[in-house]
Novice: 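Sharing a structure here in structure tokens format.
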Amino acid sequence: MQQVEQSYLQELNDIQRQAVTTTEGPVMVIAGPGSGKTRVLTYRIAHLINSGIAPWNILALTFTNKAAREMKDRIEKVIGTGAQRVWAGTFHSLFARILRVEAHRIGYPNDFSIYDTDDSKSLIKEIIKSLSLDPKVYNVGAVRSRISTAKSNLMTPKAYANNDDLMSLDKMNRRPMIYKIYEQYVKKCKRAGAMDFDDLLLQMFNLLLKNPDGVRDKYQSQFRYLLVDEFQDTNSLQYEILKLLTVYEESPNNICIVGDDAQSIYSFRGATIENILQFESDFTNVQVFKLEQNYRSTNFIVNAANEVISYNKRQIQKKIWTQSSDGKKIKIIKTMTDSEEGRRVADTIIEQKNRYHYANKHIAILYRTNAQSRVFEEHLRRYNLPYRIYGGLSFYQRKEIKDVIAYIRICVNPKDDEALKRIINYPKRGIGKTTVDKLTAIANDNEISLWQVITQIELKGAHKRTIGGFIETVKTMHQRIITENAYKAALYIAQKSGIIDLLKADNSPEGRSRIENITALLDGIQEFVEDDEIGIDEEAPEDKSLARFLQSISLMTDQDEDQSQVDTITLMSVHAAKGLEYKSVFVVGLEENLFPSYMSLSSPESIEEERRLFYVAITRAEEMLTLTFANSRYQFGQMRFNDPSRFVEEIPDAMTDSAVLQKKKSGFGEPKILGNFKKLSPSKAALPKVSAKDFKASHIDEIEAGKSVLHLKFGKGKVISIDERKVATIRFEQMYDSPEKRIMLQYAKLQVLED
DNA sequence: GGGGGCTATGGGGGG
DNA sequence: CATAGCCCCC
């Protein structure tokens, strides 16, 4: 045993080793990017097990399920078997597992449904309608997010209604009834036996707080060692649960939190840096370790990250450093359009692959919004570069999949109103909107679920056939769930529902692809059944039920999708890239209004969060970092012109390949002068220099076909034509590679020249 | 009750 | 641009 211990402790630096071996009491690890945080967490758990702690007494909360799996595999390599029985996973997935066993103690069925964001929105929409509120004023998304925030702050509907701050804010926003919607929402979720994502935390908290049948003591004594990764992205509710769990007299406050305030990027879902700042005062004798040595990136990248984050005011003092050499300078690519951005990134990837022999999997393209993925897809496909997009519309969010899933949901939990509403008339069986509205009214009057309504009222006339037929269908399906395994039951459900027949009738490519997707779903269930992973719930070690399958897919994170080890280029949002690393990283769309997002521009706090997001993005890179931005892009269905992102300009010239990026020393809003970029490509080397001083934009009406015009960035050109939407085609003399530009006159500043 | 076509509206990050 | 919601007609 001594030998084993030696081998892994030797792989750590001094501070890492202290963080691993200080196993008792509260520990806070501040871990900069690439500082070996995962290694510390892994070895800490291995060390605990090595010291005689049972794996199932350890609770490790990770940010993705994939991270948890990888961690367990690595622990197993260090200490041998047993590691799989560590309780490791995301807050949501682990608490869902516990609630599957305990939910009945707090008034939910153990087979509760999990409402995703769409389900929540659809329910909230229904409530807004039933309260005769204006859906334009009561924006569903905004209301949902208010409710979610309230839950994350442990604010019940009653407490919400009594809170003057919240109520006056709602009144100011002309939405004084949110508290009422919240109240009904909670009621209806409960009635449907459903929990939304926040409930998985909130009900776990309630379970521990109310302590029915001593259940709190059970979990307090079980989880004797807690580890929390990415602590900066936890919200108050998560923190309160942790506080409840760490209380146990035989192992007081054995909690180790790992985080980095500079990488806090989830405040929009209630995460608060206060948790980190609070930790030291909430627990006594907190031992703090700061991991500041970066093992991931080159010196240029590390220093650029330090420079960028220094623009933020609020932060814990630390300096990330590396022993690595300077490495390659950070490459900056400026393009005219978003499409050209896609092409240049693909070109650069080809070049890097040739020169540095990178495999595809060593390369990632990171963007601020998922909608940006399309241009990169197009160009990568053109070059036959394999890629994979993470996030965005996932497999399980496709319509045909959600339809089949809804049938499964209703079989598992018939009270699931959102699932029922989705499929009661799909495929069409003559139960229209009017009928469903009537049923909903009866459900509301009697405070029961829709399923209870249709199975309890006397069906008359046509309803006897239509609704009665639906009930029979669901009942037969339900029977199969009891008698057959998950795969066979799901196969039966998919066929019996009529969805497969319906899609088979549609012989279009789309229809065929939908069938393929359903087949893939069934294959996935088959795989789930056959997969012999050791379950960690001792009460149901090998739960292969459809209920358990539904749970695992609704709690998947973006990084969890598709485990296939194919060699592909990664495309994902910066948020999704948290915790990952690549040899070469492209951070694209670095423009004002996009990154930072236009939503963030109004408050300094949210700009700081965007900057942390940028910090996360650039610190994903090991060797090569490429930053790109476009002069114009299609956004919201029209051509838009954005300034380069302030974040690009915060990186000192010495670290980039274009010392030419002229800084806007005089602040923002000044007209920019072209010629900022020297070595782009030979053809663009001599970009026109137009002096901003002499430039005077002409009125839109003065610009006519045939006239010569001056553009601040493109220089002198001739208007070829103007279409009815006031989009001008202009040929610019000095734009050699693509002289003809289409420019929207309402945005562009052009000066008419007298010939 | 169902379906098609039109208009209006919104448009971030995610468990 | 994509989708939701609406109106109209069968």
Side-chain angles (χ1 to χ4, degrees), chain A residues 61-66 89-96 114-122 125 129 135-136 139-142 144-145 148 151-152 195-202 204 230 233-235 237-238 264-271 366-374 390-394 396-397 399 424-438 461-463 466-467 551-561 572-578 589 593-601 606 609-610 612-614 616-617 633-640:
Chain A
L61 295 150
T62 55
F63 213 71
T64 67
N65 296 302
K66 185 174 160 224
T90 64
F91 277 89
H92 290 90
S93 66
L94 290 180
F95 294 169
I114 297 173
Y115 274 4
D116 65 16
T117 309
D118 289 341
D119 296 320
S120 296
K121 281 187 174 171
S122 139
K125 199 179 283 178
K129 214 171 95 186
K136 289 194 186 87
N139 174 287
V140 200
R144 193 201 73 92
S145 127
S148 173
K151 285 186 173 182
S152 305
M195 297 197 199
D196 63 16
F197 291 129
D198 300 309
D199 278 326
L200 295 174
L201 310 175
L202 187 58
M204 179 70 191
E230 308 282 6
D233 285 325
T234 54
N235 61 33
L237 177 51
Q238 288 167 317
S264 161
I265 54 173
Y266 279 99
S267 74
F268 70 91
R269 61 182 208 210
L366 308 181
Y367 33 74
R368 179 65 181 81
T369 68
N370 286 310
Q372 286 164 255
S373 66
R374 231 199 59 225
Y390 292 80
L393 188 71
S394 89
Y396 297 100
Q397 287 172 301
K399 185 189 175 300
I424 190 165
N425 198 34
Y426 180 81
K428 301 251 176 304
R429 46 173 73 86
I431 309 171
K433 196 174 164 297
T434 325
T435 311
V436 174
D437 283 349
K438 276 186 205 152
H463 290 155
T466 55
I467 301 179
Q551 174 186 319
S552 68
I553 59 170
S554 47
L555 299 179
M556 271 193 353
T557 69
D558 277 343
Q559 288 183 19
D560 296 334
E561 289 175 56
M572 57 167 58
S573 71
V574 182
H575 279 95
K578 182 155 91 143
N593 297 314
L594 183 60
F595 198 173
S597 155
Y598 65 99
M599 311 276 289
S600 72
L601 297 178
S606 46
E609 175 144 323
E610 295 284 311
R612 292 193 293 269
L613 190 59
F614 182 61
V616 168
R633 75 170 57 239
Y634 275 99
Q635 218 177 346
F636 308 143
Q638 57 174 337
M639 178 85 93
R640 309 264 247 170

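Model, not experiment: these values are computed from the prediction. Letters A, B, ... mirror the listed sequences (proteins, then strands); counts begin at 1.
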Novice: In chain order, what residues pass the ring-ring contact (aromatic ring centres under 6.0 Å, His included) check against Y367(A), with sequence neighbours excluded?
Specialist: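 Result, ring-ring contact (aromatic ring centres under 6.0 Å, His included) vs Y367(A): none returned.
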Novice: With K399(A), which residues qualify under salt bridge (charged side-chain N to carboxylate O under 4.0 Å, His left out), at least two apart?
Specialist: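 If we apply the salt bridge (charged side-chain N to carboxylate O under 4.0 Å, His left out) test to K399(A), skipping adjacent residues, the hits are D403(A).
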Novice: Go through the steps for K151(A) and D196(A) under the test salt bridge (charged side-chain N to carboxylate O under 4.0 Å, His left out), then give the verdict.
Specialist: CA-CA 10 Å; K151(A) 285 186 173 182; D196(A) 63 16; 2.9 Å; yes
Novice: Between dG1(B), dG15(B), dG14(B), which nucleotide gets closest to the side-chain atoms of D198(A)?
Specialist: dG15(B)
Novice: Please produce a list of atom pairs where a protein N or O lies less than 3.5 Å from an N or O of nucleotides 6-12 of chain B.
Specialist:
from	atom 1	to	atom 2	distance (Å)
dG11(B)	N2	F636(A)	O	3.2
dG12(B)	N2	R368(A)	NH2	2.5
dG12(B)	N2	E610(A)	OE2	2.9
dG12(B)	N3	R368(A)	NH2	3.2

Novice: Taking the nucleotide of DNA chain B with the closest heavy atom to each, which residue, G430(A) or S148(A), is nearer the 5' end?
Specialist: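 Of the two residues, G430(A) wins.
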Novice: My understanding is that only residues two or more places apart in sequence, or in another chain, count here; which of them pass salt bridge (charged side-chain N to carboxylate O under 4.0 Å, His left out) with R633(A)?
Specialist: E341(A), E591(A)
Novice: Mind calculating the distance between CZ (R429(A)) and P (dG2(B)) to the nearest angstrom?
Specialist: 11 Å
Novice: Would you sketch DNA chain B in dot-bracket for me? Only Watson-Crick or G-U wobble pairs with both distances under 3.5 Å count, crossing pairs as [ ], other-strand pairs as |, the rest as dots.
Specialist: ||||||||||.....
Novice: Which parts of nucleotides 5-10 of chain C does protein reach within less than 4.0 Å, heavy atoms only, written one letter per nucleotide 5' to 3' as B for base, S for sugar-phosphate only and - for none?
Specialist: S-----
Novice: By salt bridge (charged side-chain N to carboxylate O under 4.0 Å, His left out), which residues pair with R374(A), not counting sequence neighbours?
Specialist: E378(A)
Novice: Would you tell me if any nitrogen or oxygen in the side chain of S573(A) comes within less than 4.0 Å of OP1 or OP2 on dG13(B)?
Specialist: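 Negative; the distance criterion is not met.
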Novice: Check every strand shown and say whether T435(A) touches a base, only sugar-phosphate, or nothing at a heavy-atom separation below 4.0 Å.
Specialist: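 Result for T435(A) = sugar-phosphate.
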Novice: Report the residues that fulfil ring-ring contact (aromatic ring centres under 6.0 Å, His included) with F268(A), sequence neighbours left out, ordered by chain and then residue number.
Specialist: Y266(A), H575(A)
Novice: Got a sec, which residues hit ring-ring contact (aromatic ring centres under 6.0 Å, His included) with F95(A), two or more places apart in sequence or on another chain?
Specialist: F91(A)
Novice: Output all residues satisfying ring-ring contact (aromatic ring centres under 6.0 Å, His included) with H463(A), sequence neighbours left out; order by chain, then residue number.
Specialist: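 H463(A): no ring-ring contact (aromatic ring centres under 6.0 Å, His included) contacts found.
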Novice: Could I get the full list of salt bridge (charged side-chain N to carboxylate O under 4.0 Å, His left out) partners for D558(A), not counting sequence neighbours?
Specialist: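 Partners of D558(A) under the salt bridge (charged side-chain N to carboxylate O under 4.0 Å, His left out) test: none.
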Novice: With sequence neighbours left out, write down each residue that passes side chain to side chain donor-acceptor pair (under 3.5 Å) with S554(A), or none if nothing qualifies.
Specialist: none
